[in-house]
Engineer: 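Just dropping this structure here.
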Amino acid sequence: AKHKGKSAYAHFAPEMTEVSHERLQMESLMRRALEQKEFELYYQPIVRTESGQLCSAEALLRWNNPGMGMVMPDRFIPLAEETGLITPIGEWVLQEACLAAMRWKASTGTDIGISVNVSPRQFRDPGFVDTVMNALDASGLPPQQLELEITERLILDNTIETADILRQLDQSGIRLSVDDFGTGYSALSYLKSYPFDTLKIDKSFVQDVMKEREDASLVKAIINMAHSLGLRVIAEGVEEEAQTHFLQHEGCDYSQGYFYSRPLPENEFQQWLKTNHR
Ligand code: C2E
Ligand code: CA
Ligand code: CA
Ligand code: CA
């Protein structure tokens with residue numbers, strides 16, 4: 001059956017073969033992507049809900065590959081996690097994000113916070129805390145201006161090490177936020193034992209606040225609970241003006257979403273800064 005070539009494979013496991021081939025190809029391209037400087041950070045403004053004024057930005061990773069074009073994180077972060085490549089990639093993200101915040105300070109004269117996503121594998125790497133400290137030292141960014149976004153899933157999978165790393169980061173002055181809040185298993189007790197500063201309400205709740213009474217109730221409840229625990233709240237995925245009125249009324253501290261701005265490449269973000277000065 002050798003002469004049949006590809007079709008022989010196609011007979012018994014067409015999808016498996018294609019998928020694993022694509023994975024292998026992605027993996028080898030991703031291994032080279034750092035040195036080829038194919039990664040780029042986009043920045044999405046996070047504003048004060050009350051005034052619409054900018055206070056920080058979330059760094060969102062993009063992969064510009066000559067063959068594939070722009071690859072979005074949902075397509076390659078899971079593979080980067082599995083292969084462990086997320087550790088060096090995440091290190092680059094941290095360094096670049098801190099440097100960017102310093103550039104904005106130089107060009108606008110104001111302190112703009114930067115939020116960086118941290119994935120579980122990266123967080124559990126023994127060198128993680130050092131990597132974060134090095135990024136701060138190398139850039140000169142004050143720790144209070146860096147916020148690390150950690151998914152609820154990672155926290156719930158709680159171990160002594162998780163608690164210990166969070167404590168070390170907190171003690172150095174870095175801010176910590178719970179990303180995708182509400183999508184985990186709702187074991188809320190971690191909120192009182194871990195040093196978080198911020199909850200990011202998942203966009204799946206925010207997007208339906210004007211349509212579904214239940215989502216509106218949940219968002220209200222999350223905001224009230226967070227405030228009574230001394231946490232600030234960011235609503236993500238804000239797309240419509242009506243949602244901003246709802247969030248203002250409910251006292252949500254910060255907002256982020258296409259209504260304000262899409263994630264922007266750095267030059268466009270800098271332009272945005274000029275017109276939305278605090
Ligand atoms: P996330 O942390 O929940 O980031 C928010 C995602 O929502 C971003 O997608 C953003 O572009 C999108 N978004 C923002 N505003 C709106 C809106 O109004 N409506 C809708 N529908 N979407 C909105 P993106 O950039 O594709 O990133 C997807 C995910 O990839 C992120 O979800 C995050 O989990 C992960 N990711 C991105 N950059 C990094 C990174 O540097 N490191 C790690 N570990 N993960 C990253
Ligand atoms: Ca995030
Ligand atoms: Ca803290
Ligand atoms: Ca999120």
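It should be emphasised that the depicted structure is a prediction, and the values quoted were computed from it without experimental measurement. We count ligands from 1, going down the list as the structure has it; atoms in each ligand are counted the same way.
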Engineer: Out of Glu58, Arg62, Arg121, Met72, whose heavy atom sits nearest atom 25 (O) of ligand 1?
Structural biologist: Arg62

Engineer: Under 4.0 Å, heavy-atom basis, I'd like to know which part of Pro263 is in contact with ligand 1: side chain, backbone, both or neither.
Structural biologist: side chain

Engineer: Should the proximity of Lys200 to ligand 1, defined as any heavy atom under 4.0 Å, be assigned to the side chain, the backbone, both, or neither?
Structural biologist: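 For Lys200, there is no contact with ligand 1 at all, from either part.
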
Engineer: Go through the steps to decide whether Glu266 and Trp104 satisfy the test side-chain hydrogen bond (donor to acceptor under 3.5 Å, both in side chains), and finish with yes or no.
Structural biologist: CA-CA 10 Å; Glu266 190 173 355; Trp104 308 333; 3.2 Å; yes

Engineer: For ligand 1, which atoms, with element, lie under 4.0 Å from some heavy atom of Gly257?
Structural biologist: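 Under 4.0 Å from Gly257, ligand 1 has these atoms: 15 (N), 18 (O).
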
Engineer: Rounded to the nearest 0.5 Å, how far apart are CE of Met102 and CD1 of Ile112?
Structural biologist: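 Result: 12.0 Å between the selected atoms.
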
Engineer: Less than 4.0 Å from atom 9 (O) of ligand 1, is there any heavy atom belonging to the protein?
Structural biologist: no

Engineer: Give the single entry among Lys203, Glu81, Glu239 that approaches atom 6 (C) of ligand 1 most closely by any heavy atom.
Structural biologist: Lys203

Engineer: Polar contacts were defined as any N/O atom of the residue lying under 3.5 Å from an N/O atom of the ligand; does this apply to Glu149 and ligand 1?
Structural biologist: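 Among all N and O atoms of Glu149, none is under 3.5 Å from an N or O of ligand 1.
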
Engineer: Does one hydrophobic cluster hold both Leu148 and Ile234, with members joined at side-chain heavy-atom distances below 4.5 Å?
Structural biologist: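 Leu148 and Ile234: separate clusters.
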
Engineer: Considering the heavy atoms of Val93, write down every atom of ligand 1 situated less than 4.0 Å from one of them.
Structural biologist: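 So the atoms of ligand 1 that pass are 41 (O).
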
Engineer: Would you say the side chains of Gln95 and Ser139 form a donor-acceptor pair under 3.5 Å?
Structural biologist: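 Absent: no donor and acceptor within the cut-off.
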
Engineer: Please list the nearest protein heavy atom to atom 44 (N) of ligand 1 with its residue and the distance rounded to 0.1 Å.
Structural biologist: Ser119 CB, 3.4 Å

Engineer: Less than 4.0 angstrom from a charged side-chain N to a carboxylate O is my criterion; do Arg31 and Glu27 meet it?
Structural biologist: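 Glu27 and Arg31: salt-bridged.
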
Engineer: Looking at Glu147 and Arg232, does any basic side-chain N land under 4.0 Å from a carboxylate oxygen?
Structural biologist: yes

Engineer: Any salt bridge between Glu82 and Arg121, counting N to O under 4.0 Å?
Structural biologist: no

Engineer: Should one rank Asn117, Leu41, Val116 by closest heavy-atom distance to atom 2 (O) of ligand 1, which comes out on top?
Structural biologist: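 Going through Asn117, Leu41, Val116 one by one, Asn117 has the nearest heavy atom to atom 2 (O) of ligand 1.
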
Engineer: Quick one: which ligand 1 atoms are inside 4.0 Å of a heavy atom on Asp180?
Structural biologist: 3 (O)

Engineer: Quick check for you: to the nearest 0.5 Å, what is the distance between Asp253 atom CG and Thr198 atom OG1?
Structural biologist: 8.5 Å

Engineer: Between the candidates Leu61, Ile77, Asp202, which shows the shortest non-hydrogen contact distance to atom 46 (C) of ligand 1?
Structural biologist: Ile77

Engineer: Keeping the roles fixed (side chain from Arg62, backbone from Met72), state whether a donor-acceptor pair exists under 3.5 Å.
Structural biologist: no

Engineer: One residue to check: Glu236. Relative to ligand 1, which of side chain, backbone, both or neither has a non-hydrogen atom less than 4.0 Å away?
Structural biologist: side chain

Engineer: Out of Phe259, Tyr258, Tyr42, whose heavy atom is nearest to atom 18 (O) of ligand 1?
Structural biologist: Tyr258

Engineer: Does the protein put a heavy atom less than 4.0 Å from atom 13 (N) of ligand 1?
Structural biologist: yes

Engineer: Strictly under 3.0 Å, how many protein N, O or S atoms lie near the Ca ion (ligand 2)? Waters don't count.
Structural biologist: 4

Engineer: Of all the non-hydrogen atoms in the protein, which one sits nearest to atom 31 (C) of ligand 1, and at what distance?
Structural biologist: Leu60 CD2, 4.4 Å

Engineer: Are Tyr43 and Trp272, when compared by the centres of their aromatic rings, separated by less than 6.0 Å?
Structural biologist: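 Tyr43 vs Trp272: aromatic centres not under 6.0 Å.
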
Engineer: Looking only at protein heavy atoms, which one is nearest to atom 28 (C) of ligand 1, and what is the separation?
Structural biologist: Asp74 OD1, 3.6 Å

Engineer: Would you give the length of the straight line joining atom CG of Leu273 to atom CD of Glu268, rounded to the nearest 0.5 angstrom?
Structural biologist: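 These two atoms lie 12.0 Å from each other.
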
Engineer: Give the atom numbers and elements of ligand 1 that come within less than 4.0 Å of a heavy atom of Gln44.
Structural biologist: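 Listed by number with element: 14 (C), 15 (N).
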
Engineer: So, does Gly237 sit close enough to ligand 1 that a heavy atom of it is under 4.0 Å from the ligand?
Structural biologist: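 The answer is yes, since Gly237 has a heavy atom less than 4.0 Å from ligand 1.
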
Engineer: Glu38 and Asn65: side-chain hydrogen bond (donor to acceptor under 3.5 Å, both in side chains), yes or no, with the steps?
Structural biologist: CA-CA 6 Å; Glu38 291 174 5; Asn65 178 268; 3.2 Å; yes

Engineer: For Leu41 versus Val93, what's the shortest heavy-atom pair and its separation?
Structural biologist: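 Heavy atoms only, the tightest pair is CD1-O, 3.7 Å.
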
Engineer: Can a salt bridge be assigned to the pair Glu149 and Lys200 using a cut-off of 4.0 Å between side-chain N and carboxylate O?
Structural biologist: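 A salt bridge is present here (some side-chain N lies under 4.0 Å from a carboxylate O).
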
Engineer: Determine, for Asp164 against Arg167, whether the closest basic-nitrogen to carboxylate-oxygen distance falls under 4.0 angstrom.
Structural biologist: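 A salt bridge links Asp164 with Arg167.
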
Engineer: Can you label the angle between the Tyr190 ring and the Phe196 ring as parallel, tilted or perpendicular, going by 30° and 60°?
Structural biologist: perpendicular

Engineer: Which of the atoms in ligand 1, numbered in the order shown and given with their element, are less than 4.0 Å from a heavy-atom of Gln207?
Structural biologist: 19 (N), 20 (C), 21 (N)

Engineer: Heavy atoms only: which of Pro120, Pro73, Ser204 is nearest to atom 35 (C) of ligand 1?
Structural biologist: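 Answer by nearest heavy atom: Pro73.
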
